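This report refers to the structure that appears directly beneath it.
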Amino acid sequence: MTASTLLAPYRDGLAGVDRRAYLVVTLTLIAVAARMSVYTFLGIYLTRDAGLSLALVGVGLLVENVVRGTASPIAGALSDRVGRRPVIAGAALAVAAVLPFFLLVRTPAQLLLWSAAVGVAQAGLWPATSALLLDLALPQRHQAVLSLNYTAISIGYTIGVIPAGFLAEIGFSALAVAGSIGFVLIAVLALAGIRGPLAPSGVPDANASFMGDTLRAPRDPAFLFLAALAFVFPFGIGLIGYVTPLYGKDAGLAEGAIGLALAMNGPLLAVLAIPVAVRMAPHGPYRYLSLSALLLAFSYAPLVVAGNFAALALATLVFTFGELIFSSALPAAVAALAPRGLRGAYQGAWAMVFAVAIGAGVALSGVVHGALSWEWTWIVWIALSALAAVGLGLARGRFERTAASRAASTGSTR
């Protein structure tokens, strides 16, 4: 097999994509690297240097997620009206200004205030970036560019965490400065590099209010139905990313073994995301969501049977194959439901669901585990994912008809 054959899915899947999309993906990579370089070691600073409890730090991170998710629909709707670039650049500069203030946190009130401020500052980055990527690609390329963006997230996490550890050893001030520089770079690249006309999904209805646009998705039965079923996907990210390490530790695994089992997720996503998206794209974003949810259900099964390294590694592997599907299909599915001119608002609404679902995965696992056991916790999540798989399978035709009807009524080609 030649290199040309191996690269064919990447080349064909991204053929004709606006070159500016690659710069947008670069912005995502920098944003994830800058964020995770700080957040990976934030808990160490807040507990060791600031003297706060681990439980309080967890509450602070939850507040940041909830505030960011709540503000995302507003920021997404704003990007529909004033443009993606101002929202991306403004959010990046706001994060750069607020992020270093974690160095001043010494009390619970200060932690909650800082968490809320960072949540508001970051709210515009993710929905505006996703919407801009969709603006820069034809519908048949949506899943490919979203997979490319997800690949950047995986790579950004890796290249952010590695140097961050050495910066943290120098001092957390150096880490804070490096994180801020990353977000300033995003603003500069967004304003200087993403020039020229864009082809957005139309303009919002002139008779609609800004708040009406913001609340359109949360009042849209089709979006709410999709979000209710697709909730299991970000919920699962919370389970694999944050709950399985706790489960592994309770089962007697060392931190190194836990990290090794979870580490296979990133490289697999980086290598396979685009080829998988290219294969799925001709069939539309809804066809394989049921399979993705079913894979999530199977991924939790090994954790019911055993708490060893092999079970955790197998769970991560199966979950990753499910994630390869939903990581690109879900944002594309949300975009297909968005009425003309409201792509940013709908991506923002999904960002809100995403943020809340990740936190819910952690919180509800604690409740079920406390009331029952780890085994029953995973059994409950297997059942939930399986029900979502059935629902997504039965509702596929309904979603496809709704998306087709909305595209036809607006004449949208993007």
Side-chain angles (χ1 to χ4, degrees), residues 3-4 6-37 76 79 83-93 95 122 124-160 181-201 266-281 285 323-324 327-332 334-335 343-344 347 351 413-414:
S4 178
L6 291 173
L7 294 174
Y10 301 87
R11 183 180 62 248
D12 298 341
L14 298 169
V17 171
D18 192 307
R19 290 182 180 275
R20 291 171 293 178
Y22 296 102
L23 180 56
V24 177
V25 169
T26 303
L27 300 184
T28 297
L29 187 151
I30 296 171
V32 172
R35 172 185 163 85
M36 295 312 299
S37 66
S79 78
R84 317 294 186 207
R85 287 168 289 195
V87 172
I88 292 171
L93 290 175
V95 178
Q122 290 187 83
L125 275 176
W126 313 114
T129 301
S130 296
L132 180 54
L133 271 178
L134 295 167
D135 291 344
L136 292 169
L138 293 170
Q140 60 266 33
R141 303 294 186 216
H142 280 178
Q143 288 186 239
V145 295
L146 289 167
S147 288
L148 181 63
N149 203 47
Y150 211 78
T151 299
I153 291 173
S154 300
I155 297 173
Y157 176 82
T158 302
I159 67 175
I181 290 174
F183 284 102
V184 170
L185 180 59
I186 290 170
V188 172
L189 291 175
L191 294 175
I194 309 175
R195 294 184 174 274
L198 298 174
S201 57
L268 283 173
L269 287 172
V271 172
L272 297 177
I274 294 176
V276 169
V278 170
R279 291 291 185 92
M280 293 191 302
E323 190 176 7
L324 283 166
S327 61
S328 65
L330 221 292
V334 172
R343 180 173 285 162
Q347 291 298 318
T413 59
R414 280 188 175 266

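Quick caveat, the model's predicted, so the values are computed rather than measured.
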Hey, could you give me the [atom1]/[atom2] distance between [X] and [Y], rounded to the nearest 0.5 Å?
| X | Y | atom1 | atom2 | result |
| --- | --- | --- | --- | --- |
| L132 | R20 | CG | CZ | 8.0 Å |
| M280 | L324 | CE | CG | 8.0 Å |
| L133 | Y22 | CG | OH | 11.0 Å |
| W126 | N149 | CH2 | CG | 8.5 Å |
| L29 | L23 | CG | CG | 11.5 Å |
| I30 | L189 | CD1 | CG | 5.0 Å |

For the student: nearest non-hydrogen atoms of [X] and [Y], plus distance:
| X | Y | answer |
| --- | --- | --- |
| A335 | L134 | CB-CD1, 3.6 Å |
| I88 | A190 | CG2-CB, 4.0 Å |
| A187 | A89 | CB-O, 3.7 Å |
| I186 | A92 | CG2-CB, 3.8 Å |
| S79 | G344 | OG-CA, 3.9 Å |

#### Entry: Q347 side-chain N/O to P331 backbone N/O, donor-acceptor pair under 3.5 Å
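Pair found, side chain donor or acceptor close to backbone of P331.
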
#### Entry: Expected output: side-chain S130 to main-chain P127 donor-acceptor under 3.5 Å
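No; zero donor-acceptor contacts below 3.5 Å.
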
### Message
Does V145 form a side chain to side chain contact (heavy atoms under 4.5 Å, CB included) with L136? I'd like the steps, not just the answer.
### Response
CA-CA 9 Å; V145 295; L136 292 169; over 6 Å; no

